[in-house]
Amino acid sequence: MNTDVKKLQKIAREVAPTAIALRRTIHANPEIGNEEHDTTALVDATLRDIGIRPKVRLGHTGLTADLGTEGTLVGFRADLDGLPITEATDLPFASTNPGMMHACGHDGHTAIALGIALVLSQYGPLPGRARFIFQPAEETFPGGAFDMVREGVVDGVSALIAFHMDPSLPAGKVGLKIGPITSSSDRFEITINGPGGHTARSHDTVDAVYAAGRVVTELPTLLNRTLDARTPMSLVFGTIHGGKADNVIPTRVTMTGTVRILDRNTWDLLPDRVQTLVKEIIAPVGATADVHYQRGIPPVINDAGVLSEVEFAIHEVLGTQAVAETYASLGAEDFARFLDLVPGALMRLGSGLPDRTVDLHSASFDIDEDAIEYGILVGSASLIRLMQCEW
Ligand SMILES: [Zn+2]
Ligand SMILES: [Zn+2]
């Protein structure tokens, strides 16, 4: 079944103002992770209005909704949460919730998902079924996707796609990349222990501050040297605390940070490797260490098969010039958790403002709203294509 491109473009154009209005309502009423009650209710009501009966998570935020009656089930994922940021834009629909803001474009992702549901429900008979996953708490660690996967929201889903707004690309462009597109993200806390003592006699005790210094400088380098250099990896310390007086060697120094890597298999090696290296680095000093390594989010690895269908869909509805090459980021996305179970792809949706560049998570973040119609169009066309693939 060939996609009726003209019909899809016409419906998407008609639906876009509604989706933009929804985006503005969501933008004005941001809620942070796991507190997206009003946003969940708005999505629920919008879908019910067009005859779709969503499943709202019992006692939680977030929901799923299925469209279509038979055939291959494919999915589109959107995230509902804003960030604990005080908005500094003068938009007429700026945040009305003090200290909270949609500064990562999730308002746009949710509006696009609703727009796709509106388009597909008007398009006519579909060659398969679509599931819309509206997840909470993408910005929390490790992310709302983990809970939803446990609840089985991707059971039976053959392919899953999602967009993330990209302020570095103009509206009308979609950034595609096969393989890793976002990084894993793990956290660690390392506590260096020693008996403490007088700074005049470090030879009589264990210099925990010196041991910590060795860890800060040696651990990133040694990790790099013992992993395949073709795999981008980043270990960075965010905090270091120890000691109270300039003439007292403290009994403990605590450091925390994150490790990020783009390779799924190497990610599995990291917890043990960090433990071993820390112990080896401090051994000559005589200190001991407690290493608490917390696994977080795996990297998002885009499936080549899913991506080729999306690329074809972009060619159909926007033209070949709309495809842009994009880069892998060391930021993390819990969409990766869904892709542990289902082949899928995360695309970067051009949403850069024509007159200024402002990064995600900035208090003055905004999107070019033209991105919403393009997202609806590409998302709808991609789902229709994916419904017709053999998985
Ligand atoms: Zn974000
Ligand atoms: Zn985001």
Side-chain angles (χ1 to χ4, degrees), residues 22-23 26-27 29-36 39-40 43 61-62 76-89 95 97 99-114 132-148 160-169 171 174-175 177 180-187 234 238 258 260 296-302 326-339 344-353 357-369 371-372 375 379:
L22 285 162
R23 180 257 162 169
I26 297 166
H27 190 90
N29 300 282
E31 296 167 298
I32 56 167
N34 291 317
E35 291 177 18
E36 309 92 333
T39 314
T40 298
V43 171
T61 53
F76 185 91
R77 173 275 208 165
D79 35 15
L80 300 169
D81 57 326
L83 284 155
I85 292 175
T86 299
E87 181 158 350
T89 73
S95 170
N97 291 347
M100 294 180 208
M101 177 188 178
H102 271 290
C104 201
H106 299 185
D107 49 344
H109 304 161
T110 300
I112 288 169
L114 289 169
F132 296 90
I133 299 172
F134 297 90
Q135 73 151 88
E138 193 284 323
E139 300 283 3
T140 64
F141 187 90
F146 284 74
D147 291 332
M148 290 196 93
L160 184 66
I161 58 171
F163 288 118
H164 204 292
M165 296 291 179
D166 186 344
S168 72
L169 280 176
V174 186
K177 184 180 179 301
I181 185 162
T182 64
S183 169
S184 69
S185 176
D186 297 344
R187 290 173 172 179
S234 161
T258 62
R260 299 160 184 278
I297 303 159
V300 170
I301 313 286
N302 279 341
T326 191
Y327 54 90
S329 155
L330 286 181
E333 241 294 345
D334 73 352
F335 183 62
R337 183 66 191 104
F338 298 116
L339 298 198
L346 176 73
M347 286 78 70
R348 293 224 165 86
L349 186 65
S351 63
L353 298 167
T357 305
V358 53
D359 200 6
L360 301 166
H361 292 208
S362 149
S364 56
F365 180 75
D366 189 20
I367 58 166
D368 181 340
E369 288 182 326
I372 291 179

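Whatever order the structure lists them in is the order used to number ligands and atoms, beginning at 1.
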**Q.** N97-S95 side chain donor-acceptor pair, cut-off 3.5 Å
**A.** no

**Q.** Results of ring-ring contact (aromatic ring centres under 6.0 Å, His included) for H106 - residues two or more places apart only
**A.** H109, H164

Q. Stepwise, does the salt bridge (charged side-chain N to carboxylate O under 4.0 Å, His left out) test hold for D366 with R23?
A. CA-CA 11 Å; D366 189 20; R23 180 257 162 169; 3.0 Å; yes

Q: Go through the structure and list residues passing side-chain hydrogen bond (donor to acceptor under 3.5 Å, both in side chains) with S329, not counting sequence neighbours.
A: none

Q) What pairs with F76 under ring-ring contact (aromatic ring centres under 6.0 Å, His included), at least two apart in sequence or on another chain? A) F163

Q) Protein N, O or S atoms less than 2.8 Å from the Zn ion (ligand 2), ignoring waters? A) C104 SG, H106 NE2, H164 NE2

Q: Would you name the heavy atoms of R348 and L169 that are closest together and state the gap between them?
A: O-CD1, 4.0 Å

